[in-house]
Each structure stands twice: as C-alpha cells, then as structure tokens.
Participant: 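Let me give you the structure first, and then I'll get to my questions.
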Number of protein chains: 2
Amino acid sequence: MFKIKPKISDVAKAAGVSPTTVSRVMNKRGYISEETRQKVYDAMKKLNYIPNDLARSLYNKRSNLIGLIVPTTANPFYGELTARIEHFCALAGLKVLLCNSLHNAEKEAHYWEMLRRNQVDGVIVCTYNRGLIDVSEQMPTVAFDHYLSSGIPVISSDNYAGGELAAATLIEAGCKNIVHINGPAELETPANLRRNGYEAVMQRYGLPAMTYEIRSVLSQAEAEAAICALFDQQPQMDGVFASDDSIALKVIQEVRRRNKRVPEDVKVIGYDGTEFVRQHVPELTTIKQPMITMAETAVQILIQQIEQPEKALEKEYVHSIELVRGNSV
Amino acid sequence: MFKIKPKISDVAKAAGVSPTTVSRVMNKRGYISEETRQKVYDAMKKLNYIPNDLARSLYNKRSNLIGLIVPTTANPFYGELTARIEHFCALAGLKVLLCNSLHNAEKEAHYWEMLRRNQVDGVIVCTYNRGLIDVSEQMPTVAFDHYLSSGIPVISSDNYAGGELAAATLIEAGCKNIVHINGPAELETPANLRRNGYEAVMQRYGLPAMTYEIRSVLSQAEAEAAICALFDQQPQMDGVFASDDSIALKVIQEVRRRNKRVPEDVKVIGYDGTEFVRQHVPELTTIKQPMITMAETAVQILIQQIEQPEKALEKEYVHSIELVRGNSV
DNA sequence: CTGAAAGCGCTTACAG
DNA sequence: CTGAAAGCGCTTACAG
C-alpha cells in the first residue's frame, strides 16, 4: 500500500556511482566533481530519496532527538512552554519527543527509560522527580524551575523578585491582609522563592505574612474546596498573591461567588502570564515569566552540554520578570 | 563525562553467552533454558543495560514513532488534544514527535520531511495543509477535523449537530438576531458543517442567518478589531455563536467593553469546551467536543492503518457533542 | 536449547 | 576525485 523507500544504494545505482559517493554528496564532505554531484542530485530527485535518520543516528551516535518531560500540555502554561521549546529546538535541528508525566513518578521513570532507549541527546525536564538524580548523570539535562540534583542547571524566572513585586503591588494598592497561596514548602522548587520574596516584603512593611499551601496534585475540585476554606478562615482578606494564574482565576471566581468584587473588595495577582491568559483574561494582573527567553535559554544550555561538555555551567539561569497590569489589583 | 552505554555484546560477554541468546531473552523469542535466561537478566541488571531502539527500529522497519502536527500547543485546545493523543500513544507503546506548524505551509513541509527521515510509522495531522496530498500517500495518516485528501480518514466531532444545538440553544433562550462567527468557507473543513447546522436551524425558525467569517490566521489584535466591527455593524445583535471558545471569550470581552451584559443583552455560546476553559471560565456556555474519545479514536485508527493496512477505513469518524451550560446564554 | 553469519541503511577511514 | 570494506547495535533465518 505504501511505497517502498529508496535507499542510498538505489540512488548510487541510478547515478552510476558508489554508495560512498552518494553519502559524500549528501553530507557535502570531501572532494566531488561537479559532474558527479549533479548526477547524484538528479538521481536523488528522480527517486524521491529521503535519507534514513535512524541509520545515520546509529552510526553517528548523535540522534538530534531530545526528550521533553512536562506535567501535561493540557495546562496552558506547559502547552505554551512546550511550543516555545519545540520552536527553538526546530531552529537548532533538534526533534522533540514529548512526554506528559502527569506528575506520576512511575510514568516519569518509564519515560526516562524510553528516552534513553531512543538515544536522545538530552532532556529538558519541567517536573519534579526524585528518582531522577542517578539517571540524569548519564545524559545532558536541563531542569525548568525545579532543583533536581546538584549537577543539573536550572532555568527559572526571578522568583524572589517576582514574589517581592507581587507583594509590593498589592500593598501599594492599599491591601492590609494579603494571603499568598503556594505549593508545599518541602518541595525545594525555585517557586518557593516567590514565597520568600513575598514574606520579606510583608515584613518590611510590618504586615503579617500568611502563606497557604495547596498541593498541586489536588484535583480541581479539591483546589476549589481549599480556596473556599481559605475565604472562610480569612474573612478580612483583601489581597491574594496566587502562585500561578490558574489559582488566581479560581480565587477570582470564588470572590464573585461570594458576591464580592475584584478589585474593590479583594485584589488578586497571579504568576506566569501565559499568552492565553493575557489574551483571554486581560483583567488579571499578574507577574509574567519571560517564557520565550526561558525556552531559548533551556535549549541553548542543553545544546551547550551536548556539544561542549567541557564548558562550565551555571547552577541557575535566572530570567527577570515583569508586572502585567490588568484590573484585578 | 557521561557513561559509555553497554551494548548487547557486553551483556553477552558478561553472561557468557552469544549476542543472539541475549537478544532472544530480551525479546522472549524461541526456547531458552531458565538458567541461561537468569544469567542474561543478571548481566543486564549488573551492566544497567538499556537496548538501543534506533538499532532495533532500523532492523525491524518499525520505529514505533509517530508524528503529531498541530498549529501550536500554546493554544489550550491543541495543548489538551496533544496531551490526550500522547496519552493514548504511550499506552500503545508509541512515541510522539511533536511538530508545531503555526499554520505555516513551509514549516509543515519541513516537518513532513523530518518525520519521514525519522521513519515514523504514521502521522496525526491537526492542521490544514494543501501540499499534504502526495506525501501522505506514502504513510499512514489520520486527520483531525480537516479534509486532507480522499484517502485520509478524518476524526471530528459532530459539527453539524453542534451547529444546530448552538443555534437552537440561543433561540430557545429568546435570541432573535443571532450571528455566527466562523472561519472562511473556502477551507473545506468539517468545522464549516457547524455553519450549515446553524443556518439550517435559523431557517427552520424563520430567522435570518448571518455568518461572519474571520480568518483564523488573523493576529489577536486583528481578531479583536474584526469582532469590534461586527458589533458596530450589528447593533441589534442579541446572540453570538462563536466557532470556538477563544473567539467566544473575545466576544464576551467586547460585550463588557461596551457596557452591556452577558447574557442579559447579548448571549454567547462557544465551541470546543476544553478542560481549561470549563475549569477557569465556567460561565461560558459551549458545545463540548469529546476530546478524550476523539484522541483515542485518532490513535486507534492510526494503529489500524499501521498494523492492518488491508482493513477498510471509514472516511470520517464522527463523535457526538454535548452542551455545557454556563451562564453566558 | 544455542551460536555464527548476514543484514537493516548509513558513514568513514583507508586505499587507489 | 572515487570505491571496497568495516562497523554503528540490533535481529533473524539457518545450522547444529
């Protein structure tokens, strides 16, 4: 049903040369007479020849394949990040093997093995994974906003400055009772620096810092219940700094559900600033991560590890954040 | 810096057997004495052996790799679809090579060649592409909501019923001047059936059908301008059926910008019902596509083409839609 | 039950 | 400037 693919020897036969010569023409290596080159090109065109990258990679020990592990592209933050990373990979001639781990350790382990079997040149990881430490030593790796192990460089936004800026923005807008919602502190993620930044500013202004921990593994319904409980426990709350836009949107929903108004009664600021949220919920004030630049850095640092393994790496590549004003503050 | 990978001959040496035997143990083929099997397993474990799928694929002429071409995962609809498709692929042992074509014909052409070079077993295409017709004949292909060429099966939601349901929902809610916003009619996409369904219902009720075409290639700013123009030209408009949720959200923004209310002054219904929108903008009434089932069908039909090429294919696999009630109607 | 040999499609020293 | 040979890591007839 599907046509047989011509191989290099077919091209060689058609052009009346050896496979070696065809290979050299394709790879533009060594000296080739113009006449031979043309014959080979003609034969390739005529046969509609497409080289087999599997065979090439096998010999070259370089697949130009990279693994990308994210929780899920269904989340617009990771969907956008994935698109940006894939974009810069494509520019660099790298192909992306996509893995949605759903924060499931077992799935992540399977994906890691799959990636190694497929001889990927490196991996970009956007999830937290305990079992990663050993396996990653065997492969160039870049982590996105998560500390994995000492040797793995981390790409992140300036979470501390982001936390400071969020708190300062709410305080300047007149908030007195500001609550910060974040993931659990045990996970040593850079995102926890947002908390530190927030708490530092609160202290500086002599205001009480209140950080509510919501486990990100919670289902949507559970997250909503947790936010509901927060409102019950903090009736005088007039400002919320949510650790991501998704939570911020849920907080806004809850404010409205209680027949209060944003920003008059409760001011809300988020974190991330994905394109989708900025386009479709422009009223949300948020701290924007420079996603494009971060994706570019991630790809670039991965390539550096692959091509210049001797070159020293920073522990962390921090990118500056930016306040995007909607009208939720 | 990174450890050398052991190969099958290293395992064979460590276990005191031939490479053939190791291969047979790995693939559970042929008869192997329990003792030998155990020796091999021990050696594999000791060396931390991981097979090289590149070499396997090369010999087997089956890579278990598939290509997925979407406009961009930054759009939550495609982000979610990508996640669902990857999920079902992983269950079936297929690995996904991700391609974000950004509706760019040149990029798509490059991605197609890249996928063929990498010997993918098949491709799932979620974009409209003219140049596809020839190339797809050479590879199992499934199209998502787009007619590509006669031989390629299409996975879609019941767009016609969706259009009918959207129109009927607005009419029942009392709308008299309902506008439908859709992509250009020239593109023969199943999405145009939404328009047909809408127009049929309007006619049935003796109401004027008004379809506004917005090119999806428009930038966000241009889309907003187009929506703005629509409001200017249709001051008595009291209902909008948007061809996707993204447009619907923009319409709602425009209604508010004009100090009108949804649903009191203008009722709005969208199409898609992605998880993100349902979770974060639950007020939007929309026609939900059964994304999970559609992803499952896409993967299943692709596998059928790969493994049972002789088995007949339907032209189209239509999935029933569902009304999700928010309070925008 | 086990192994030597050939081959998947490509590339690269090494001769000429 | 060009080609024969060996090898990338694996698998599968074919012998034994």
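The structure displayed is predicted, hence computed values, not measured ones. Chain naming here is simple, since letters A, B, ... match the order of the sequence lines and numbering starts at 1 in each.
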Participant: OP1 or OP2 of C:dG9 less than 4.0 angstrom from a side-chain nitrogen or oxygen of B:K61, does that happen here?
Facilitator: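 Checking C:dG9 against B:K61, a side-chain N or O does come within under 4.0 Å of OP1 or OP2.
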Participant: For the pair made of CZ in A:R117 and P in D:dG9, what is the distance, rounded to whole Å?
Facilitator: 16 Å
Participant: Indicate whether OP1 or OP2 belonging to D:dT11 is found under 4.0 Å from a side-chain N or O atom of B:N27.
Facilitator: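 Yes, such a contact exists.
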Participant: Please identify which of these residues, B:L115, B:I303, B:V142, B:I124, meets the side-chain contact (heavy atoms from CB on, under 4.5 Å) condition with B:I66.
Facilitator: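 Going through B:L115, B:I303, B:V142, B:I124 one by one, the side-chain contact (heavy atoms from CB on, under 4.5 Å) with B:I66 is satisfied by B:I124 alone.
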Participant: Which listed nucleotide (C:dG3, D:dC10, D:dG3) is nearest to the side chain of B:S18?
Facilitator: C:dG3
Participant: Between D:dG7 atom C1' and A:L58 atom CG, what is the distance in whole Å?
Facilitator: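 It works out to 9 Å between those atoms.
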Participant: Return the value, rounded to whole Å, for the distance between atom CZ of B:R37 and atom C1' of C:dC1.
Facilitator: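 It works out to 11 Å between those atoms.
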Participant: I need the CG-C1' distance between B:N60 and D:dG9, as an integer number of Å.
Facilitator: 12 Å
Participant: Kindly compute the distance separating CG (B:N52) from CG (A:L58), expressed to the nearest 0.5 Å.
Facilitator: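 Atom-to-atom, B:N52:CG and A:L58:CG are 6.0 Å apart.
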Participant: Between C1' on D:dT12 and CE on B:M26, what's the gap in Å once rounded to a whole number?
Facilitator: 13 Å
Participant: So, are B:D53 and B:K95 salt-bridged, with charged N and O less than 4.0 Å apart?
Facilitator: yes
Participant: Between N or O atoms, less than 3.5 Å apart, protein on one side and nucleotides 13-16 of chain C on the other: list the pairs.
Facilitator:
none

Participant: OP1, OP2 of C:dG9 versus side-chain N and O of A:R56: anything below 4.0 Å?
Facilitator: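 No, no such contact exists.
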Participant: OP1, OP2 of D:dT12 versus side-chain N and O of B:S23: anything below 4.0 Å?
Facilitator: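 The answer is no; no side-chain N or O of B:S23 sits under 4.0 Å from OP1 or OP2.
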Participant: Can you tell me if the side-chain N/O atoms of B:T21 get under 4.0 Å from OP1 or OP2 in C:dG3?
Facilitator: yes
Participant: How about A:S23 and A:T20: does a side-chain donor come under 3.5 Å of a side-chain acceptor?
Facilitator: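 Looking only at side-chain atoms, A:T20 and A:S23 do not form any donor-acceptor pair under 3.5 Å.
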Participant: To the nearest Å, how far apart are B:Q119 CD and C:dG9 P?
Facilitator: 9 Å
Participant: Indicate yes or no: does A:E34 engage A:R37 in a salt bridge with an N to O separation below 4.0 Å.
Facilitator: yes
Participant: Starting from P on C:dC10, measure out to CE on A:M44 and report it in whole angstrom.
Facilitator: 11 Å
Participant: At their closest point, which heavy atom of A:A15 faces which heavy atom of A:V40, and how far apart are they?
Facilitator: CB-CA, 4.0 Å
Participant: Just to confirm, is there a sub-4.0 Å distance from OP1 or OP2 of D:dC1 to any side-chain nitrogen or oxygen of A:T36?
Facilitator: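 Checking D:dC1 against A:T36, no side-chain N or O comes under 4.0 Å of OP1 or OP2.
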Participant: So if I apply the side chain to side chain donor-acceptor pair (under 3.5 Å) rule between A:S156 and each of A:H319, A:Q289, A:E316, which one comes out positive?
Facilitator: A:E316
Participant: Taking atom types as modelled, is there a side-chain donor on A:H103 or A:T127 under 3.5 Å from an acceptor on the other?
Facilitator: no
Participant: So, is B:Y49 close to the D:dC10 phosphate, meaning a side-chain N or O under 4.0 Å from OP1 or OP2?
Facilitator: yes
Participant: Could you list the residues that satisfy salt bridge (charged side-chain N to carboxylate O under 4.0 Å, His left out) with B:E307, not counting sequence neighbours?
Facilitator: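 Scan of B:E307 (salt bridge (charged side-chain N to carboxylate O under 4.0 Å, His left out), adjacent residues dropped) gives B:R62.
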Participant: What would the secondary structure line of DNA chain D be in dot-bracket form, counting Watson-Crick and G-U wobble pairs under 3.5 Å, with [ ] for pairs that cross earlier ones and | for pairs with another strand?
Facilitator: |||.||||||||.|||
Participant: C:dC1, D:dC10, C:dC10: which one has an atom nearest the side-chain heavy atoms of B:Y31?
Facilitator: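 Of the candidates, C:dC1 comes closest.
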Participant: Between atom CG in B:L54 and atom C1' in D:dG7, what is the gap in whole Å?
Facilitator: 15 Å
Participant: At their closest point, which heavy atom of A:H146 faces which heavy atom of A:V154, and how far apart are they?
Facilitator: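 So the two residues come closest at O-CG2, 3.4 Å.
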